[in-house]
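Each remark here refers to the structure printed beneath this line.
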Amino acid sequence: MEEEKLSSVAKRFTASPIQKLSLIAQQCNAINLAEGFPDFPAPLTLKDAAISAINSDFNQYRHVQGVCDELARIAKKTHGLDVNPLTDIAICCGQTEAFAAAVFSVINPGDEVIIFDPSFDTYANVVSIAGGVPVYVTLDPPQWTLDTNKLLKSFTHRTKALVLNSPHNPTGKVFSEEELDTIAGACCANDCLAITDEVYEYITFGNAKHISLATFSGMHSRTIITSSLSKTFSVTGWRVGWAIAPAYIASAMRNIHVRIADSAPAPFQEAALIALRSPPEYFESLRRDYEAKRDFIVKLLVDIGFQVQFEPQGSFFLFAELPKSCTLTDVDCVEELIKRAGVVAVPGCGFFQTNSSKDKRVEEDRSYQKRYIRFAFCKSDATLTSAAQKLNETNFEFLKMH
């Protein structure tokens, strides 16, 4: 058989639920609230900058040192971090590649990596490719709180790194200063590295504020920050991301990046210079617009019968819960949303792991893992209004509370 020629790694991976559902959305012309990409235009100044770069023939392999200089300036201004732009930054093809380069730089086969559950599945997949062992620490619903005891018990002598995504996909949780202090203390006590995904750093609501784990005592020298242009500037297809890390790790990441991708897209790196110099008003407008979209989709889903016990504090996702009276699973419910209303979302089960607890003596009720659906609200007002019309016109009797 031809499949026998595939590697063991390749055999483990199939199309993700998000990819499959997005294909279904395209085939049946459904409104896509599954994938986390904006369907509205990117800022005009960025597009003009990219066009100008192409017209100026910035079309070959390129490393734009100015991007590193700007990132170092922002790290100092925003987080108070001293970052050497010549040694401490790796520019990659999006946050995804930056995260992978980080993992490949520090994880050996058998090393354990702590991941909070639920989580974006890329983290565990990349750790597995590197030969590492994902160790899951559950965040407790409905507020997705971090249990300190669970975290501390998850560390062993094999623990090499911890992954932190805040603001968090899929829940919209922003880890509090107290939780971050606990995580930092545990990392320092166990001589553990941290790899952070901070792509939603500018998208927070109300009193919630993003704080980088690297700012806590003892963490600057053991944290690899990854982020990108994608979410902040609505350019998920441009693939310009970065990592800020101790010099020896950043150097290793650059060496890996060169051998996999060589360089991030040259004209978009030039445009990144314009993006990173955006005035404070841009980021406030971004936050305000997404907060309005969040409020809109929360009301919409509550009105048709979903439970929203936790409003997103950040990111552009809502993790809505099926009411207790609903006997359908999250997968069944998503299929009904597509068939009845022509709206597609993501079943929450794709973000949960089945064996989250290291302590096998602890029996946790994980039935909730099939009770959530993720909706992306990074869509135009027209798209959200159209989705609302379709959902309001459909009878979802299986969602109604009795």
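- Pro312 approaches Phe205 most closely through the heavy-atom pair O-CD1, 3.3 Å.
- With Phe37 as the aromatic partner, Lys379 meets the cation-pi criteria of under 6.0 angstrom to the ring centre and within 45 degrees of the ring axis.
- The local environment of NZ in Lys11 is crowded, with over 12 non-hydrogen atoms from other residues, nucleotides or ligands closer than 6.0 Å.
- In this structure a side-chain-to-backbone donor-acceptor pair under 3.5 Å is missing from Asn207 to Lys209.
- At a threshold of 4.5 Å between non-hydrogen side-chain atoms, the residues Val344 and Leu337 do not count as touching.
- Side-chain atoms of His79 never come within 3.5 Å of backbone atoms of Ile211 as a donor-acceptor pair (strictly under, hydrogens ignored).
- For the pairing with Phe116, the ring pair (Phe, Tyr, Trp, His ring centres under 6.0 Å) check across Phe175, Tyr136, Phe351, Phe352 returns one residue only, Phe175.
- Counted within 6.0 Å of CD on Glu3, heavy atoms from surrounding residues, nucleotides or ligands total 12 or fewer; the atom is thus considered open.
- For the pair Ala161 and Ile107, the tightest heavy-atom approach, listed with the atom from each and the gap, is CB-CD1, 4.2 Å.
- Within the 4.5 Å cutoff, no side-chain heavy atoms of Pro41 are placed close to those of Ser234.
- Counted by atom type alone, Glu198 and Ser227 present zero donor-acceptor pairs between their side chains at under 3.5 Å.
- A donor-acceptor pair is defined here as one N or O able to donate and one able to accept, closer than 3.5 Å; no such pair exists between the side chain of His168 and the backbone of Gln313.
- With hydrogens and angles left out, the side-chain atoms of Arg12 and Asn125 include no donor and acceptor closer than 3.5 Å.
- Ring geometry, Phe316 versus Tyr290: the interplanar angle falls from 30° to 60°, so the pair is classed tilted.
- At least one donor-acceptor pair closer than 3.5 Å links the side chain of Gln269 to the backbone N or O of Val64.
- Considering CG of Asn84 and CD1 of Ile244, their distance stands at 11.5 Å, rounded to 0.5 Å.
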Quick one: do Met253 and Ile224 satisfy side chain to side chain contact (heavy atoms under 4.5 Å, CB included)? Show the steps, please.
CA-CA 10 Å; Met253 290 181 64; Ile224 306 168; 4.0 Å; yes

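- Side-chain atoms of Arg62 and Pro267, non-hydrogen and from C-beta on, never get closer than 4.5 Å to each other.
- No donor-acceptor distance shorter than 3.5 angstrom exists from the side chain of Ser285 to the backbone of Glu281, with no hydrogens or angles considered.
- Checked by atom type and distance alone, the side chain of Arg371 pairs as donor or acceptor with a backbone atom of Pro323 at under 3.5 Å.
- A donor-acceptor contact closer than 3.5 angstrom links the side chains of Asp39 and Thr383.
- Atoms SG and CD1, on Cys192 and Ile114 in that order, are 5.5 Å from each other to the nearest 0.5 Å.
- Between Pro85 and Cys68, the closest heavy-atom pair is O-CB, 3.4 Å.
- If you look at Tyr202 and Tyr282, their ring centroids are not closer than 6.0 Å.
- In plain terms, the two heavy atoms of Asp197 and Gln95 that are nearest each other are CG-NE2, 3.5 Å.
- Heavy atoms from other residues, nucleotides or ligands lying under 6.0 Å from CD of Gln60 number 12 at most.
- For the salt bridge (charged side-chain N to carboxylate O under 4.0 Å, His left out) test, residues two or more places apart in sequence or in another chain that qualify with Arg288 are Glu284.
- Relative orientation of the Phe99 and Tyr123 rings is tilted, given thresholds of 30° and 60° on the angle between their planes.
- A distance-only check finds no donor-acceptor pair linking the side chain of Glu97 to the backbone of Val240 [under 3.5 Å].
- The shortest non-hydrogen separation linking Ser119 to Gln353 is OG-NE2, 4.5 Å.
- Evaluation of the ring pair (Phe, Tyr, Trp, His ring centres under 6.0 Å) rule for Trp238 yields Phe268 as partners, not counting sequence neighbours.
- The ring of Phe396 has its center no closer than 6.0 angstrom to the ring center of Phe306.
- Taking CD1 of Ile195 as the start and CG of Leu213 as the end, the distance is 11.5 Å to the nearest 0.5 Å.
- In this structure a side-chain-to-backbone donor-acceptor pair under 3.5 Å is present from Thr156 to Arg158.
- Aromatic ring centres of Tyr372 and Trp144: separated by under 6.0 Å.
- Of the residues listed (Asp330, Thr171, Asn169), the one engaging Arg374 in a side chain to side chain donor-acceptor pair (under 3.5 Å) is Asn169, and it is the only one.
- Nearest heavy-atom pair across Val103 and Val127 is CG1-CA, 4.1 Å.
- A salt bridge (charged side-chain N to carboxylate O under 4.0 Å, His left out) with Lys76 is found for exactly one of Asp82, Asp88, Asp69, namely Asp82.
- Side-chain atoms of Ser251 never come within 3.5 Å of backbone atoms of Tyr248 as a donor-acceptor pair (strictly under, hydrogens ignored).
- Looking only at distances, a side-chain donor or acceptor of Arg340 sits under 3.5 Å from a matching main-chain atom of Asn395.
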